[in-house]
Amino acid sequence: MTTPNDDNPDLSPTSPGEESDLVSPTAEGEPEPIPGLDGVPVRWYDADRTESYTRITPFQEKHDTSVEFFYKPVTLSSLAVALILLAYVATTQDLLEEGQDKRRMGVYAAIAAFLTFSMIQFRDGPFIRPHPAFWRIVLGVNLLYELGLVFLLFQDLKTARVMMTYIDPKLGVPLPEKSYAEDCRLTARNLWNALDIFCIAHTLGWFGKAMILRDYWFCWILSIAFELAEYSLQHQLANFAECWWDHWVLDVLLCNWVGTYLGKHLSSLTDRNTLGMKTCQYFEVKYYEWRGFRQTPGIRPKARRVLSQFSPHDFTAFKWGTATDFTHFITVVALLAVFLAAELNPFYIKSLLWMEPDHPIIIGRLAGVFLCALPAVRELYQYINDPRRAVRMGQHVWLLLATIVTEFLVITKWSKGQFPEPLPVRVRWGWTIAAILLVLYPTVQFGIPSARRYIRKHRRKGKAKAL
């Protein structure tokens with residue numbers, strides 16, 4: 001029996017949302033039932049809906065069968081526990097002493113109640129590890145952040161800065177923009193001084209991007225595009241002004257290289273491979289055999305089984321196919337633009353709201369977008385490459401796209417009058433040439449061949465009619 005993945009070899013045979021995740025109603029080894037009565041097709045209202053070939057397993061019922069206990073429905077029990085905790089916290093005087101900020105506690109309780117509803121009632125996404133409920137909570141956090149951005153979109157910058165002091169009283173104070181282009185001499189001392197905690201964060205960030213995109217060339221294109229974006233926007237944000245060796249040596253060839261390109265020195269110093277992509281390759285070729293917790297003998301194997309619950313259930317390699325057709329080209333360009341916006345937005349947010357780069361809000365935003373992007377890009381890949389099964393865009397990619405665009409709208413609104421310096425002429429010319437090439441490439445690659453095929457087709461039809 002063929003599977004949907006036989007038609008698309010790019011998808012993993014055990015990708016979430018595919019037949020391997022379903023609890024098959026037919027036992028293994030049994031022949032597939034023949035539709036109809038004795039091979040004769042029947043009308044839809046005569047079909048027996050209890051037969052296995054007519055039964056449809058809903059998306060919400062896909063789960064990891066190796067830990068069946070954690071997939072039993074406990075919605076009423078969860079509701080009872082949540083209400084008991086809510087009543088206890090709201091009525092206990094020890095927790096709500098006189099003078100304590102009850103408004104803050106109320107906001108926390110409302111967020112907890114919403115995330116509890118998200119965990120129980122939201123639809124499942126493409127991932128089932130460590131548990132679908134975890135990714136439902138991630139979706140709920142994304143929705144809360146999007147609602148907060150929509151609220152901020154209707155506020156002016158001054159009001160937003162005052163509101164931030166309700167979250168952290170230390171905010172609301174103007175911060176000087178730090179420039180990294182004061183001494184650009186290429187010396188060992190300058191290189192050593194440029195190495196700080198942000199280099200580690202930069203490296204981890206690119207490791208995460210490799211896990212999200214799962215494509216070597218995509219990561220490198222994004223890396224170079226981000227450095228060019230920093231060149232283009234350094235007239236607005238001083239911390240984008242860096243020395244040339246900071247851009248191309250520390251950022252691209254060191255931090256990005258360590259994050260997405262690391263020598264495989266254990267076997268050969270000359271056999272280079274990407275750290276992020278090596279992890280993707282490991283998960284791609286890894287042999288997955290999931291046994292139930294009860295079927296795992298011994299304490300150590302059980303402990304390893306518990307830890308493996310936080311690893312992928314399976315892994316799908318991404319082949320974006322930029323040059324295959326116009327749809328894939330537009331998808332890759334749009335994804336690149338969204339990733340650049342997601343990378344640049346926090347720099348503007350921290351500058352406009354006077355936040356330090358290591359403020360918990362900024363760190364939380366970066367971590368949240370990373371978690372949201374993992375299932376979102378997986379949904380986008382299946383939506384583009386398997387449209388017969390992914391009939392609509394997934395909820396994670398839809399909401400994350402709305403979040404990034406809303407962030408951009410908020411920044412655009414608040415930036416009026418904040419960055420008076422005009423766009424440099426050389427930057428304007430550079431992006432104009434890039435836009436021309438971006439239009440010229442699909443025209444030559446896809447437009448002209450399609451036009452030739454169209455003309456040849458109509459010429460053949462004309463000749464056939466003449467005969």
Show the nearest heavy-atom pair for residues [X] and [Y], with the distance to one decimal.
X	Y	answer
Y383	M393	CE1-N, 3.3 Å
L149	V410	O-CG2, 3.7 Å
P375	W135	CD-CZ3, 3.9 Å
P449	V444	CD-O, 3.3 Å
L233	L344	CD1-CD1, 3.9 Å
W220	V252	CZ3-CG1, 3.4 Å

Look at the aromatic rings of [X] and [Y] and report parallel, tilted or perpendicular, splitting at 30° and 60°.
X	Y	answer
F347	F226	tilted
F117	F122	perpendicular
F446	F326	perpendicular

#### Entry: Over 12 foreign heavy atoms within 6.0 Å of CH2, W245
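Atom CH2 in W245 is packed in, count exceeds 12.
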Check for a donor-acceptor pair, side chain of [X] on one end and backbone N or O of [Y] on the other, with a separation under 3.5 Å.
X	Y	result
W414	Q155	yes
E379	V397	yes
N190	L186	no
R161	L171	no

Student check: side-chain heavy atoms of [X] and [Y] closer than 4.5 Å:
X	Y	result
I212	F370	yes
S223	K209	no
K413	L409	no
S118	L143	no
Y231	W244	yes
I404	F339	no
S415	L352	yes
Q236	Y348	yes

### Message
Run L336 and F218 through side-chain contact (heavy atoms from CB on, under 4.5 Å) and show every step you take.
### Response
CA-CA 8 Å; L336 177 64; F218 205 144; 4.1 Å; yes
### Task
Spell out, with a plain yes or no, whether C199 and C255 have SG atoms under 2.5 Å apart.
no
### Message
Once rounded to the nearest 0.5 Å, what's the spacing between atom OG1 of T443 and atom CD1 of I436?
### Response
11.5 Å
### Task
Calculate, to the nearest 0.5 Å, the distance between atoms CD and CG belonging to E146 and L400 respectively.
10.0 Å
### Query
Are H202 and L250 close enough, and set up right, to give a side-chain contact (heavy atoms from CB on, under 4.5 Å), and what steps lead you there?
CA-CA 10 Å; H202 200 103; L250 291 183; over 6 Å; no
### Query
Going through the checks in order, is the side-chain contact (heavy atoms from CB on, under 4.5 Å) test met by Y145 and E407?
CA-CA 10 Å; Y145 182 58; E407 275 186 343; 2.4 Å; yes
